[in-house]
Amino acid sequence: MTTSADFLSTLNHFQRRAVEHFCGPLLVIAGAGSGKTRALTYRIANLIIYNKVNPGSILAVTFTNKAAKEMKDRLDNLLAQEISLKNYRQSFDSLSEFNQKKLLSFIYKKTTKQLWIGTFHSLCARILRYDINKYQDSKKRKWDRNFSIFDESDVQNIVKNITLKQFNLDEKTFNPRTIRYAISSAKNLGLSPEEYLKEHSYSKGRIIAEIYDEYQTQLAENNALDFDDLILIPVRLFEKNQSVLGYWHSQFKHILVDEYQDTNRIQYTLIQLLTTNGKIDRNEWSWRNRSVFVVGDADQSIYSFRMADFTILLNFQSEFGDGLSDEETKTMIKLENNYRSTETILSAANHLIYNNSQRIDKTLKATRGKGEKIYCYKADNEHIEAEFVINKIEELISLNPKLSWKDIAFLYRVNSQSRPFEDILVRRNIPYTIVGGFKFYDRQEIKDSIAYLRLIVNPYDTVSLLRVINSPRRGIGKTTVDLLLKASQELRTSLWEILIDETCVMTLTGKSSKAVLSFVHMIKELQEQSTKSLSTDIFNQIMQKSGYINDLKQKETEEADNRLENLQELYNAINQYREENNDPSLQGYLTNASLSSDLDNLENENNKVSLMTLHSAKGLEFPIVFLVGLEQGTLPHIRSLSDPLSLEEERRLCYVGITRAQEKLFITYAQERFVWGSKEIKIVSQFLEEIPQDLVSDHTNIIIEKTSQKRNNSKNNNIQWSVGDHIIHYSFGEGEVTHVLGSEKKVNLAIKFKSLGRKIIDPGTNSITKILK
DNA sequence: CGCACACCCCTTTTT
DNA sequence: GGGGTGTGCG
């Protein structure tokens, strides 16, 4: 009979050390496929079962909602097994169905439900639903607990409107997208508009700070937050309000963070505050009954565009830990045994990542057989590439009866690469699923319905109000809306408050005022109901009363039928959320909907080929992986070619892709590819050349040698660089070397250009030539 | 006031 | 390709 001891005996020495860690800080450096999720899950189980920690005091941060759900499921199973052995003296599987169900529901109530597991965003949203009313920013902007969460397109529209309409700026010099990105970056660094201004006091920075400030005002007027606020506001609140911080600090005794290499400044600050209770002096920290446990891998850091900063991971020991060297340390554990991939695949990954200068030295050790060579295929163009890949998977499936579609994934750099694959998959009738790209929640009818729901929860949400006020058409046209909007701006109230003021509405023409009054009446009625009805019932009511469904039914077009089907699907989603989370509230569903990604709905049960970007593939694994589009300019992406640090991130991305594969890895590239409607000639990716030739199968019709020789003999390879050297860059012009960075195997140069200032350049790319002066 | 059509611009990755 | 904007017509 199995005993409880088996619970830990399946772990290796290092995993076990991590899992049994109780209090204090611990950094777990976990290579790809080293059983990272397992370590996290087992540690939580260990805390609950052996250390008798209250599940409600555990905060576990995952990177996606899907990862959170998986962790909960695994935990359920682990706990079920343990309790079953202890209480019934038999394995869970051998219990009667009745007892299994009873036990699982017991575990859910007592444990899983109490745990705080989720992404930074969803956990912070939960905290804010309790405490946002205690927050006020430096300009006295306030929010209440019914806040809406604006999606990226809402936010883009607001920024665009402020920039072009309100501030009347030139679109070329003040690109709304760039400004939106600047605001998001500022928030991720924890900067308020005023603080941003201090750091960017030049003219353009000043204007961006003003836009940021106005943007924040408009969010507050809508009682809405953007994604970044969800984390920034709790941090601000904790910094300002010691009693609120104290409450959450004492709530969360054990904090666990997955994918720690992809945390950014503001997320780090949040963890730091919760762990230390805001005490700056280390002597005041108490690790009694308290821990912070982070897991990550600097080689898989791929989110710097979201301000992720893997030096946060590198600094963990000096920030929280003992700061000792690797050998002696008690606060760092390395998991280097890889249980996922064949030796060949790992060797390729190790060789590739060895070319990066910015990393902690770490080598994945194989625990499985050598496996097959990596297959490589050079295609004439992207269509031939897709055809090869799909022919190959059909062949694999027909040769191996145990293999099914879900075991196969196509990974690419950018979403648009999916199209040629999709075309052929449809033609051949192969079941597939695309993660990302066009989303369910981006469809017009879904956005409309969500806007109705948001308006009912949060009437200050003018963005949603404007979306639905005349959809379906009910005779409230642009002129009417503009009049009402103007009134709301003059009276400095929300549009909704104007609408519910009958005397105000009556100033409109008879026809319009009647239409507005009846719209307001309908929304009010729905609001009243929403406090006592199920979310699903409210949804149905909205669809009926607003006339949305009838409007679509009348049309009798294929498109309208499609929309009706999507609305049915939305109903199912709301229903599912209500059942799974035991939460009848609309607000709960809405929060979940705005924070869930496409990936979260990736169903493992469905037997389909998966297509996704390398970013989406993080944390996943597949027996068979096709890494496609390995060309210079595709992977690495064109925008990273001139910047060595971005290039290293692209290499990590490629590394992530390779390490997703368990059994077989195929790498393909095309010689020609249509980009933005025109044909481009492509050359093979430098990353492919960085993989040793003997790991790559030679039965394919590619000849890498020529290009690879050319590259290895790169004219800059044997040049000794020193500070003061003069160079010419093919596009930046003349410059002077100010720093020589990196090690011998991989040199990067900091170069000061006359026109552009300082840039970091990789001399190996042949973009520069040394000149004598 | 709404819709259709033409044209132009941009083009990474996502919670 | 595709989404957003502007224009012109019904």
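Note on naming: letters A, B, ... go to the chains in the order of the sequence lines (proteins, then strands), and numbering restarts at 1 for each one. Note that the coordinates shown come from a computational prediction; the quantities given were computed from them, not determined experimentally.
Out of B:dT15, B:dT12, B:dT14, the shortest distance to the side chain of A:Ser616 is found at B:dT14. Residue A:Arg473 places its side chain closer to B:dG2 than to any other of B:dG2, B:dT12, B:dT15.
As rounded to whole Å, 17 Å separates atom C1' of B:dG2 from atom CZ of A:Arg474. One atom, CE of A:Met612, and another, P of B:dT15, lie 12 Å apart when rounded to the nearest Å. Atoms CZ (A:Arg180) and C1' (B:dT13) sit 15 Å apart, rounded to a whole Å. Put simply, CG on A:Asp226 is 14 Å from C1' on B:dT14, counting in whole angstrom units. Between the OH atom of A:Tyr181 and the P atom of B:dT11 there is a distance of 14 Å, given to the nearest Å. Atom CE in A:Met307 sits roughly 16 Å away from atom P in B:dT12 (whole-Å rounding). Regarding A:Arg177, its CZ atom lies at a distance of 13 Å from the C1' atom of B:dT14, rounded to whole Å. Atom CG of A:Leu635 and atom C1' of B:dT12 are 11 Å apart (whole Å).
Here the side chains of A:Asn356 and A:Asp299 are not in contact, with every heavy-atom distance at 4.5 Å or above. In this structure the side chain of A:Phe252 never reaches within 4.5 angstrom of the side chain of A:Ile58, judged on heavy atoms. Using a 4.5 Å heavy-atom threshold, the side chains of A:Asp643 and A:Leu647 count as separate.
A heavy atom closer than 4.0 Å to some atom of DNA chain B occurs in no member of residues 263-274 of chain A.
Residue ring and nucleobase are stacked for A:His637 and B:dT12, with a centre distance beneath 5.5 angstrom and an angle between planes beneath 30°. Here A:Phe305 lies parallel enough and close enough to stack on the base of B:dT13, with planes under 30° and ring centres under 5.5 Å apart.
Between A:Asn415 and B:dT12, a side-chain N or O to OP1/OP2 separation shorter than 4.0 Å is absent. When the side-chain nitrogen and oxygen atoms of A:Arg639 are compared with OP1 and OP2 of B:dT12, one or more of them lie within a distance under 4.0 Å. The shortest distance between the side-chain N/O atoms of A:Thr613 and the OP1/OP2 oxygens of B:dT14 is below 4.0 Å. Taking side-chain N and O atoms only, A:Asn188 has no distance below 4.0 Å to OP1 or OP2 of B:dT15.
Using cut-offs of 30° and 60° for the angle between ring planes, the A:Phe666 and A:Phe626 rings count as parallel.
On the nucleic acid side, DNA chain C contacts chain A at distances under 4.0 Å to non-hydrogen atoms, with the end points of that region at C:dG1 to C:dT5.
Each of A:Asn175 and A:Asp228 lies near DNA chain B, and the nucleotide nearest A:Asn175 is the one positioned closer to the 5' end. Remark on DNA chain B: of its neighbouring residues A:Asn470 and A:Leu653, the 5'-side contact belongs to A:Asn470, judged by nearest-heavy-atom nucleotide.
Within the 4.0 angstrom heavy-atom criterion, no nucleotide atom of any strand lies near A:Asn157. Note on A:Tyr303: only backbone sugar-phosphate atoms sit closer than 4.0 angstrom, heavy atoms only; bases stay farther off.
Checking side-chain atoms of A:Gln587 against main-chain N and O of A:Arg145 turns up a donor-acceptor pair under 3.5 Å. Counting only distance, with no hydrogens or angles, the side chain of A:Tyr181 and the backbone of A:Phe305 share a donor-acceptor pair below 3.5 Å.
Summarising the geometry of A:Ile255 relative to A:Ile271, their closest heavy-atom pair is CG2-CD1, 3.9 Å, with the distance given to 0.1 Å.
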Next on the checklist: Checking A:Tyr303 against A:Phe63 for the ring pair (Phe, Tyr, Trp, His ring centres under 6.0 Å) test, could you report, in this order, the C-alpha distance in whole Å, the side-chain angles of both residues, the deciding distance, and whether it holds?
Outcome noted: CA-CA 11 Å; A:Tyr303 280 91; A:Phe63 200 69; 5.0 Å; yes

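Counted within 6.0 Å of CD on A:Glu580, heavy atoms from surrounding residues, nucleotides or ligands total more than 12; the atom is thus considered enclosed.
The aromatic ring centres of A:Phe174 and A:Phe167 sit 6.0 Å or more apart.
One P atom belongs to C:dG4, the other to B:dT13, and the distance between them is 16 Å to the nearest Å.
A:Arg563 forms no cation-pi arrangement with A:Tyr548, by the criterion of a distance under 6.0 Å to the ring centre and an angle within 45° of the ring axis.
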